[in-house]
Visitor: 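My structure is below; once you've seen it, I'll send some questions.
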Number of protein chains: 2
Amino acid sequence: MPQKRILPYVILGILEKGDATGKQITDEFKYEIGEFWKSSHSQIYPELKHMLTDGWIDSYQKEDNDKEIYYRPTNLGKEIIADWLATPVAKLPVSKDLFSLKVFFIKRADDPRLKTLIANQKKLVSQNLAHLKKREAELFDTAEKINHNYGHYLILQRAISRQENQLAWLDQLTVC
Amino acid sequence: MPQKRILPYVILGILEKGDATGKQITDEFKYEIGEFWKSSHSQIYPELKHMLTDGWIDSYQKEDNDKEIYYRPTNLGKEIIADWLATPVAKLPVSKDLFSLKVFFIKRADDPRLKTLIANQKKLVSQNLAHLKKREAELFDTAEKINHNYGHYLILQRAISRQENQLAWLDQLTVC
DNA sequence: ACACCCATGTAAAGGGTTACATGATTTG
DNA sequence: CAAATCATGTAACCCTTTACATGGGTGT
């Protein structure tokens, strides 16, 4: 009845790149996937348990550390993620964007709040854009790296393109 | 502790344009705000009660219909929405985009699933773009209409620009 | 051995979606 | 006036975030 369950698929996707602990999966959300999906450890650990009981993944520990638990996809899990990736997306997401929402409610072009909102948004988008370009330079400085993580590369390009588009739009507004 | 409460502000924003029933507010989400914020009646009716007890809005009924309940913002409510609109957004939203997520996990450029995902996304984005342009033609065919709902106009422009950008990006991919 | 940090785990409180329910109003 | 529709309302369920808790490493 509630929202569609996405997290386990994301986790499977992460584990396809190599076994990982809950902590490592959590960090993946912080640094890589974080641009377009968020999750936190308090969601991830229970989800890992769930996936274990469903047989999507199994776990093991390394002898030198009693604490860390490594996870890897089972054959079932590999099947599931492969199917999921092959299934096209049914509908476009709604971008829950507070900036758009606030602008929407401002009726007149000369409302001073509009200027404030736009200036602020410009700052946020520029910062994010700078960050994305830094990531691009760090992660994809050779053709080989691009070829080995092509999807990741594409998505980073798209994120950059999107923010450039938004910035251009904001700039054009300021001129008027 | 949970997610930040946005709905009541959106409702206040809607009510600023004129008194409305729960049903009319619900429809607003379906047709106008729906591009960048979603809600459903089962969330809206309880929220209206909540806002009533907080004194953000009050309600009245019309004599010819026992069922419909009209809401309007109180002075407190008007203050609150004004403050909210004047407050700049603190951070960029994470666009929870399943398309990006799936692409992210595809490692090789020659993976056939990539083509499928992209073709499908193209279709979705084109449809949405067509819809947005239709809305633009319907709602903003005169300068006067633009000036009286400038924020709405801006947001529609931005939505269009964004989808055009995405489509260009998708097209460029297909060529390669 | 002690204190600190870190990986894992649990709890609490809303948000958000879908399904079901109810009573008024309109329609044939 | 019976049936269908409509506005409102309720319930169940999971998602998501923040805060708190625990017990194993690590460093001194």
Side-chain angles (χ1 to χ4, degrees), chain A residues 1-11 14-15 19-31 33-34 36-54 57 59-71 90-91 93-98 101, chain B residues 1-11 14-15 19-31 33-34 36-54 57 59-71 90-91 93-98 101:
Chain A
M1 258 184 272
Q3 285 145 261
K4 191 79 194 303
R5 187 178 198 67
I6 308 293
L7 225 208
Y9 298 99
V10 183
I11 292 177
I14 293 170
L15 291 179
D19 303 359
T21 65
K23 170 65 174 170
Q24 289 169 333
I25 294 170
T26 303
D27 287 346
E28 201 75 11
F29 280 92
K30 199 150 38 188
Y31 303 124
I33 302 180
F36 46 90
W37 205 270
K38 284 284 183 194
S39 193
S40 51
H41 79 273
S42 61
Q43 223 182 331
I44 288 166
Y45 288 113
E47 188 61 58
L48 286 168
K49 295 266 174 73
H50 190 158
M51 294 168 76
L52 270 178
T53 68
D54 287 354
I57 54 176
S59 68
Y60 62 93
Q61 286 181 292
K62 293 192 175 170
E63 284 171 10
D64 60 334
N65 193 319
D66 278 5
K67 211 179 161 183
E68 293 176 333
I69 304 168
Y70 283 81
Y71 296 94
K91 60 179 178 180
V94 176
S95 67
K96 293 210 155 187
D97 180 10
L98 280 186
L101 200 51
Chain B
M1 256 184 275
Q3 284 145 262
K4 192 79 193 304
R5 185 177 197 68
I6 308 293
L7 224 210
Y9 299 99
V10 183
I11 292 177
I14 293 170
L15 291 179
D19 304 358
T21 65
K23 170 65 173 171
Q24 288 169 333
I25 294 170
T26 303
D27 287 346
E28 201 74 13
F29 280 93
K30 200 151 35 189
Y31 303 123
I33 302 180
F36 47 89
W37 204 270
K38 283 282 184 195
S39 194
S40 51
H41 78 273
S42 62
Q43 223 182 332
I44 288 166
Y45 288 114
E47 189 61 58
L48 286 169
K49 296 265 175 73
H50 190 157
M51 293 168 75
L52 270 179
T53 67
D54 287 355
I57 55 177
S59 68
Y60 62 93
Q61 285 180 293
K62 294 190 175 173
E63 282 169 12
D64 60 334
N65 192 319
D66 278 4
K67 210 179 162 185
E68 293 176 333
I69 304 167
Y70 282 81
Y71 298 92
K91 59 179 178 181
V94 176
S95 66
K96 294 211 155 187
D97 180 9
L98 280 186
L101 201 52

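Every heavy atom of this structure was used, including side-chain atoms; hydrogens, water molecules and symmetry mates were not. Small disclaimer: the values here were computed from a predicted structure and weren't measured. Chain letters run A, B, ... following the sequence lines, proteins first and then strands; every chain starts at 1.
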Visitor: Within the 4.0 Å heavy-atom criterion, would you say Ile69(B) contacts the bases, only the backbone, or no part of the nucleic acid?
Guide: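 Touches sugar-phosphate only.
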Visitor: Rounding to a whole Å, what distance do you find between Lys62(B):NZ and dT25(C):C1'?
Guide: 16 Å
Visitor: Please tell me if Lys23(B) has a side-chain N or O lying less than 4.0 Å from either OP1 or OP2 of dT8(D).
Guide: no
Visitor: In whole Å, I'd like the distance from the CD atom of Gln61(B) to the C1' atom of dG23(C).
Guide: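 Whole-Å distance recorded here is 13 Å.
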Visitor: Please name the pair of heavy atoms, one in Arg5(B) and one in Glu47(B), separated by the smallest distance, quoted to 0.1 Å.
Guide: NH2-OE2, 2.9 Å
Visitor: Minimum heavy-atom separation for Tyr71(A) to Leu15(A), with atom names?
Guide: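 Closest pair (atom of Tyr71(A), atom of Leu15(A), distance): O-CD2, 3.6 Å.
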Visitor: Mind checking Lys49(B) for me? I need base, sugar-phosphate or nothing, with any heavy atom below 4.0 Å counting as a touch.
Guide: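 Contact class for Lys49(B): sugar-phosphate only.
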Visitor: If I take atom NZ in residue Lys30(B) and atom P in nucleotide dG16(C), what distance separates them, rounded to the nearest angstrom?
Guide: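 Taking NZ of Lys30(B) and P of dG16(C), I get 18 Å after rounding.
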Visitor: Tell whether Ser42(A) reaches the base of dT18(D) with its side chain through a donor-acceptor pair below 3.5 angstrom.
Guide: yes
Visitor: Within the pair Lys96(A) and dG16(C), is there a side-chain N or O less than 4.0 Å away from OP1 or OP2?
Guide: yes
Visitor: Minimum heavy-atom separation for Val94(A) to Gly34(B), with atom names?
Guide: CG1-O, 3.9 Å
Visitor: Grab the two heavy atoms, one from Leu52(A) and one from Ser59(A), that are nearest each other, plus how far apart they are.
Guide: CD2-N, 3.9 Å
Visitor: NE2 of His41(B) versus P of dT22(C): gap in Å, rounded?
Guide: 14 Å
Visitor: Give a yes/no on whether any side-chain N or O of Tyr45(B) is located under 4.0 angstrom from OP1 or OP2 of dT8(D).
Guide: yes
Visitor: Starting at CD1 of Ile6(B) and ending at C1' of dG15(C), how long is that distance when rounded to a whole Å?
Guide: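 Rounding to the nearest Å, CD1 of Ile6(B) and C1' of dG15(C) are 11 Å apart.
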Visitor: Mind calculating the distance between CD (Glu68(A)) and P (dC5(C)) to the nearest angstrom?
Guide: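 That distance rounds to 18 Å.
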Visitor: When you get a sec, tell me which of dT17(D), dT8(D), dT8(C) is the closest nucleotide to the side chain of Thr21(A)?
Guide: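 Looking only at side-chain atoms, Thr21(A) lies closest to dT8(C).
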Visitor: Is there a side-chain polar atom (N or O) of Arg5(B) under 4.0 Å from OP1 or OP2 of dG15(C)?
Guide: yes
Visitor: Round to a whole Å and report the spacing from OH of Tyr9(B) to C1' of dG15(C).
Guide: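 Spelled out: OH on Tyr9(B) to C1' on dG15(C) is 15 Å.
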Visitor: Apply side chain to side chain contact (heavy atoms under 4.5 Å, CB included) to Ile14(A) and Ile33(A), showing your working.
Guide: CA-CA 9 Å; Ile14(A) 293 170; Ile33(A) 302 180; 3.6 Å; yes
Visitor: Using whole Å, what does the distance between atom P of nucleotide dC6(D) and atom CG of Asp27(B) come to?
Guide: 11 Å
Visitor: Taking 4.0 Å as the cut-off, does a side-chain nitrogen or oxygen of Gln43(B) come that near to OP1 or OP2 on dT17(C)?
Guide: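 For dT17(C), OP1/OP2 do have a side-chain N/O of Gln43(B) under 4.0 Å.
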